[in-house]
Amino acid sequence: MVFMNTLKYLQSHEFLLDVDLWRLFANLEELNKISLSFVENFFETVKERVSESGSAMNFISVLGKFFQGDLCQTHQIYCLNYTSAVFYLEKLRQREDFGIYLKWCEQKEQCRRLHLPELLVAPLHRLTRYPLLLNNIWKRSTDKTEKDSIWSLKEKVEKSIRDLEGKVKWLDNFQKFRQLHEVIIWPQVWDRDKRFFVPECLKQSLRENSTENILCSASRRLLHDGKLTLAENTRLLDVYLFLFDDFLLITKIKRNKKKYGGSDTGLTLVCPSLALELQSVVREGGFCQVLDQPIPLDRLILKNVDPIHVTGLSLRNAFLIQHENRYQQCIAVFLLQAPTDSAKKTWMSQIERAISNYMKQHGTKESTQLCSPAESSEI
């Protein structure tokens, strides 16, 4: 409230007018009023119970009024905006005028030396404590009817929290993929591979069938991602891999200030739920350009590479990814190097688990079973 009221005051004096109060604080004012009202009513009822002037029904009615009414609902509205608020705050903190405002508020005694991100998360923690409060009341209650009513309320609040967690996860995933859509650049096929010749008159029709929408599916999940090194013919290339629940995408890191197509990445917001490595790439003005077509998990063969076979290449912690077409023909091979042996093991186990889950879900035979029985998964 210190931060919100200060911002309101500043905006009334024509400072920070472009800062959106709702995007930052959502319904905090309403939430504060309802939470305070609940506390006041709750303790008033407790006092009545202690003095034996109040009845059990008065106690239940107060709990029911708030937990079946606006208390959980206002928390849900706030919580659903939380990730977006943190995302927005990250952008605003880059401004000098906003930084001065933050420092002034943080010095206020009521903030207890806490920063705004630490305070914004507080209502989320409070919501999860309500079932504990109801459980403690239930334990100390002696009236059976009262106990049944309190238990029923506790279950409803817990269900409300479970439903909210599902919505928050969906929103978080949506915002993460929206950021990935900006960061991952898909070059046209004739730019990616010089073997393909397309006359200028035909390029527009091919551009219309863009592959960028591949990341727009709300049900797709990012399982693992990170930096690796790709061994090419004459050099080692920094690459960034994205392991989704249905395909693997290999991209090369570009440090240019301009995105593919000419737009500026310097203005791109960094989603806090992205991996720190990827956040670093974006903050440096970089992006990830797709190196080759996505590798479906049912067409991917993973092989461990024994160090003894690549000593001449000065490669360590190496493994190989093979892309097969529907006729079990190898159409691409990627020799990758992890920074550490632990990172290599993590990548291999994540890919193996993703392939296994995909096969189970889609009832597809593992492509490795189509190889001859004498073939080993080791190189």
Side-chain angles (χ1 to χ4, degrees), residues 180 183-189 191-196 211 214-215 220 222-255 260 275 277-278 281 286-356 358-359 366-368 370-371 375-379:
L180 290 176
V183 173
I184 298 174
I185 308 302
W186 301 75
Q188 299 296 336
V189 65
D191 291 329
R192 195 176 68 231
D193 196 327
K194 298 304 179 185
R195 293 177 302 165
F196 303 115
T211 52
I214 196 169
L215 296 178
R220 181 169 285 116
L222 179 63
L223 304 177
H224 192 60
D225 63 301
K227 285 183 184 178
L228 292 174
T229 304
L230 174 67
E232 290 194 326
N233 213 3
T234 57
R235 60 173 181 164
L236 295 175
L237 180 68
D238 286 337
V239 291
Y240 199 95
L241 270 64
F242 298 89
L243 177 62
F244 297 95
D245 55 1
D246 57 344
F247 68 86
L248 177 72
L249 190 64
I250 301 176
T251 68
K252 55 184 174 182
I253 299 170
K254 290 281 191 177
R255 302 290 178 184
Y260 190 89
E277 281 184 316
L278 189 56
V281 169
F287 58 93
C288 299
Q289 183 172 301
V290 175
L291 193 66
D292 202 44
Q293 60 183 297
I295 307 174
L297 294 185
D298 59 340
R299 308 288 182 200
L300 188 155
I301 293 180
L302 178 67
K303 292 181 182 288
N304 181 42
V305 177
D306 195 301
I308 197 170
H309 293 130
V310 287
T311 49
L313 300 174
S314 300
L315 287 177
R316 295 180 179 179
N317 315 312
F319 61 97
L320 188 113
I321 287 174
Q322 186 174 320
H323 184 183
E324 289 191 344
N325 64 14
R326 60 186 295 189
Y327 304 107
Q328 286 81 56
Q329 292 178 316
C330 179
I331 57 175
V333 174
F334 303 94
L335 180 57
L336 297 159
Q337 175 182 250
T340 63
D341 183 58
S342 173
K344 170 188 170 179
K345 289 176 180 176
T346 300
W347 266 107
M348 292 192 70
S349 65
Q350 288 280 357
I351 293 171
E352 286 168 353
R353 190 181 302 117
I355 292 172
S356 175
Y358 182 85
M359 300 302 180
E366 292 192 30
S367 56
T368 50
L370 299 168
C371 302
E375 185 179 357
S376 170
S377 62
E378 292 275 337
I379 297 180

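Atoms considered below: every heavy atom in the structure, side chains included; atoms not considered: hydrogens, waters and symmetry mates.
Scanning all heavy atoms of the two residues, the minimum distance from L302 to M348 falls at CD2-O, 3.6 Å. Closest approach of L223 to A354, counting heavy atoms only: CD1-CB, 3.6 Å. Contact between P187 and D191 at its shortest, heavy atoms only, is CB-CB, 4.4 Å. Taking each heavy atom of I355 and L300 in turn, the nearest pair found is CD1-CD2, 3.7 Å. For the pair Q293 and I331, the tightest heavy-atom approach, listed with the atom from each and the gap, is NE2-CD1, 4.3 Å.
For the residue pair D246 / Y358, no side-chain donor-acceptor distance below 3.5 Å is found, with atom types taken as modelled. In this structure, a donor-acceptor pair under 3.5 Å is present between the side chains of N304 and K344.
Looking at heavy atoms from C-beta onward, K252 lies out of side-chain contact with D238 at the 4.5 angstrom threshold. Side-chain atoms of Q337 and L228, non-hydrogen and from C-beta on, never get closer than 4.5 Å to each other. K227 has its side chain out of reach of P339: every pair of non-hydrogen atoms, C-beta onward, lies at least 4.5 Å apart. When side chains are defined from C-beta on, I250 counts as touching L241, because their heavy atoms get closer than 4.5 Å. At least one side-chain heavy atom of L336 sits less than 4.5 Å from a side-chain heavy atom of V239. Between I351 and H224, every side-chain heavy-atom pair lies at or beyond the 4.5 Å cut-off. With contacts defined as side-chain heavy-atom distances shorter than 4.5 Å, the pair L248/I321 qualifies. K345 is not listed as a side-chain neighbour of W347, based on a closest heavy-atom distance of 4.5 Å or more.
Distance check: Q322 CD to L320 CG gives 6.5 Å after rounding to the nearest 0.5 Å. A distance of 9.5 Å separates CD in E232 from CZ in F334, rounded to the nearest 0.5 Å. To the nearest 0.5 Å, atoms CZ (R235) and CG (L237) are separated by 5.0 Å. L278 CG to C288 SG: the interatomic distance, rounded to the nearest 0.5 Å, is 5.5 Å. Here CG of L222 is found 7.5 Å from CZ of F242. Values are rounded to the nearest 0.5 Å. The CG atom of D225 sits 9.0 Å away from the CG atom of L243 when rounded to the nearest 0.5 Å.
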Please determine whether side-chain contact (heavy atoms from CB on, under 4.5 Å) holds for the pair L315 and L335, giving the CA-CA distance in whole Å, both sets of side-chain angles, and the decisive distance to 0.1 Å. CA-CA 10 Å; L315 287 177; L335 180 57; 3.5 Å; yes
Can you check side-chain contact (heavy atoms from CB on, under 4.5 Å) on R299 and N325, steps first, answer last? CA-CA 6 Å; R299 308 288 182 200; N325 64 14; over 6 Å; no
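A donor-acceptor pair under 3.5 Å links the side-chain atoms of T251 to the main chain of Y240, judged by distance alone.
Classification of the F247-F244 ring pair by plane angle, with boundaries at 30° and 60°, yields tilted.
When each of H323, Q328, E324 is paired with I301, the side chain to side chain contact (heavy atoms under 4.5 Å, CB included) condition holds for E324 and for no other.
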